[in-house]
Asker: 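Provided herewith is a single structure, encoded as structure tokens, for subsequent inquiry.
Remember, it's a predicted structure, so these values are computed and weren't measured experimentally. We name chains A, B, ... by the order of the sequence lines, and we start the count at 1 in each one.
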2 protein chains.
Amino acid sequence: MTNIRDIARLSGYSVSTVSRVINRQNYVSEATRTAIQKVVDELDYVPNAVARDLSRGRTQNVGVVLPHSDHPYFTQLVHGIMRAAFEANYHVVLLPSKYDAALELQYLEDLRQKAYDALIFTSHGLPLTELNHYRRYGSIVVCENPQRCPIPAAYAERQATYEAAFNHLKQRGANHIGILASRDVAISATTQAMVQAYQTVFGQPLAAAAIFTGVATPADGDRAGQYFLTQIPTVDAVLTNGDDIAVGMLRAYRRAGVKPPYLIGQEHQLAGEALNLPTIDHHFEEVGARAFKLAITGQTQNVAIPSEFLLPK
Amino acid sequence: MTNIRDIARLSGYSVSTVSRVINRQNYVSEATRTAIQKVVDELDYVPNAVARDLSRGRTQNVGVVLPHSDHPYFTQLVHGIMRAAFEANYHVVLLPSKYDAALELQYLEDLRQKAYDALIFTSHGLPLTELNHYRRYGSIVVCENPQRCPIPAAYAERQATYEAAFNHLKQRGANHIGILASRDVAISATTQAMVQAYQTVFGQPLAAAAIFTGVATPADGDRAGQYFLTQIPTVDAVLTNGDDIAVGMLRAYRRAGVKPPYLIGQEHQLAGEALNLPTIDHHFEEVGARAFKLAITGQTQNVAIPSEFLLPK
DNA sequence: TTGTAAGCGTTATCAC
DNA sequence: GTGATAACGCTTACAA
């Protein structure tokens, strides 16, 4: 592989002059520039990107940790991150984690090894304090409300919107409500927000049996439907964790020939619109863009983006 | 920043011995290993990832060029690529292109500069011959049928499936058919496949007016609906380029209070299932995984994955 | 305007 | 088992 020293030797100039030419800097005479460019062209030379990164001490890479890549939460977030990263001349590296603590730790170690300038956790299994500990090695941003933990964060402000959704159900006269969630209330801030909003609106805690967790795909929604059909048939309204998931749930009721409960979706996907479901738009693209900006500015700051409760048109 | 030479100096051993310790290699005495490890721990030392990449001459990065990241074709493809990349210990770098030739060229130049070990084009604006030209600098794979161009490719074999779809329409007695496409028939192999399938099934070319292009989002589907409503009201069946897009198109008819034509979707999304639309599953995840494998093995080979025409259950 | 030389932090080869 | 030293390929003070 031909390198900058080869060009220097063959052109008869020094390495630094060659460097100036390939980086289009000043202080090079036109004649010199032409002579060096000629050799560059002849040898089909280009500078090595990795050597540049090493020399500069940064990569312009931002790692994005994703538990899974097939959920709208993550695709929307990634989309927002990419838009902002592109504008700032950064590259987005996708890091699948499956909520595996060992993997998450590996990515933190990669940050420490300067493989990325910053790391964005769209979600995570490790405790926030653990993530926070790695901030000494590089910028880290999470996409959730970090509460008392002083770590940079951009996230959807869900509480008020969940309350609006439950108020909507209350006004419709729903009196036995279920919710669907991705992860258990003990470990997920999102699930906590839903449960908390229920309590605020209805003045009493949500029964544990009314919370169906482990839901990430339409097929899970179907399972949830079967659960409510058989275990809690009196449920008359369900706040699901995705329009797609609501559709999966409806499938179970349709199969059973039973009138489904009133469903509210999330993520503002098309499947919901097709069925005229109310939904919640969390504006995750905006969240992603803001997360990226925090990541490269390195400010310890929290940005909350308000969600929106949407009734079908 | 503490580096391997610091560790060598402080531990009293040489750089090479330190290197052996941090890379867990043999030929190091237990005592030496312990002594060096102690200094490593004290100084909180980790090797620099970029320096390693430079020294090794490769990055374990694969770049994935995406015209846009919000279309199911791309998300499914990326998902498949990520799965395969993860298994092979590669990292996926997302490269947005918007079909911009200058950007695509930039990414090819990045490959040439060894920023990536390989590049996957999920779609592209540049001619295949141009991409092929850059293969001398690194592995390149496209996700379409490259026809006569000898470039590695993994793609969905659509022709037979489009024919199945048109045959389905024929049997239902449809006699005025429209199609929706992302890009013009002149530049898109996908659009060509649809048009060609129509001709094969119906024995005559599809009228140019029956092809509505520039469709990528549900809103575009809505526009397409308005077009057919006002310009070609006799259309009684449309092969759309996405379930989501079909839903957008239905919206236009619903607004106008007009019975919509019979719609076929694509991508096997949930929106289609909600409305009982027939659809086409192109198995893009599998395509992505195969594309990745071609990318790292470097074989000049074409892999065609058959699509599937699906009637609603 | 150009050149020298010291980084950047590893890995790999070969000698001892 | 261990160590010198040469790559890897570039950027950037600083000197001339």
Asker: Is B/N3 near enough to C/dG9 that one of its side-chain N or O atoms lies under 4.0 angstrom from OP1 or OP2?
Answerer: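 Answer is yes, contact under 4.0 Å.
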Asker: What does B/V15 touch in the nucleic acid at a heavy-atom separation under 4.0 angstrom: a base, only the sugar-phosphate, or nothing?
Answerer: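 Touches a base.
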Asker: Please identify the 5'-most and 3'-most nucleotides of DNA chain D with any atom under 4.0 angstrom from a heavy atom of chain A.
Answerer: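 Result: D/dG9 to D/dT12.
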Asker: Just N and O in the side chain of A/T32: are any of them under 4.0 Å from OP1 or OP2 of C/dT2?
Answerer: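 Answer yes for this pair, as a side-chain N or O of A/T32 is under 4.0 Å from OP1 or OP2.
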Asker: Just call it for B/S29: base, sugar-phosphate, or nothing, with non-hydrogen atoms closer than 4.0 Å on any strand.
Answerer: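 Here B/S29 touches the backbone only, sparing every base.
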Asker: Working to the nearest 0.5 angstrom, can you tell me the gap between A/Q301 CD and A/R290 CZ?
Answerer: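 CZ of A/R290 is found 8.0 Å from CD of A/Q301.
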Asker: So, under a plain 3.5 Å distance rule, would you say the side chain of B/S16 forms a donor-acceptor pair with the base of C/dT11?
Answerer: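 No such pair is found, so the answer is no.
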Asker: Under 4.0 Å, counting only non-hydrogen atoms across every strand here, what does B/V46 touch: a base, just sugar-phosphate, or nothing?
Answerer: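 Answer is sugar-phosphate: B/V46 comes under 4.0 Å of backbone atoms only.
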Asker: Ignoring backbone atoms, test whether A/S14 places a side-chain nitrogen or oxygen under 4.0 Å from the OP1 or OP2 oxygen of C/dG3.
Answerer: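 Yes, such a contact exists.
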Asker: May I ask you to say what A/N23 touches in the nucleic acid, namely base, sugar-phosphate or nothing, with a heavy-atom cut-off under 4.0 Å?
Answerer: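 Contact class for A/N23: sugar-phosphate only.
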Asker: If you take atom types as modelled and just measure distance, does the side chain of A/T17 reach the base of C/dT2 with a donor-acceptor pair under 3.5 Å?
Answerer: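 Answer is no: no donor-acceptor pair is held.
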Asker: May I ask you to decide whether B/R83 forms a salt bridge with B/E87, counting only side-chain N to carboxylate O separations under 4.0 Å?
Answerer: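 The answer is no: the pair does not qualify as a salt bridge.
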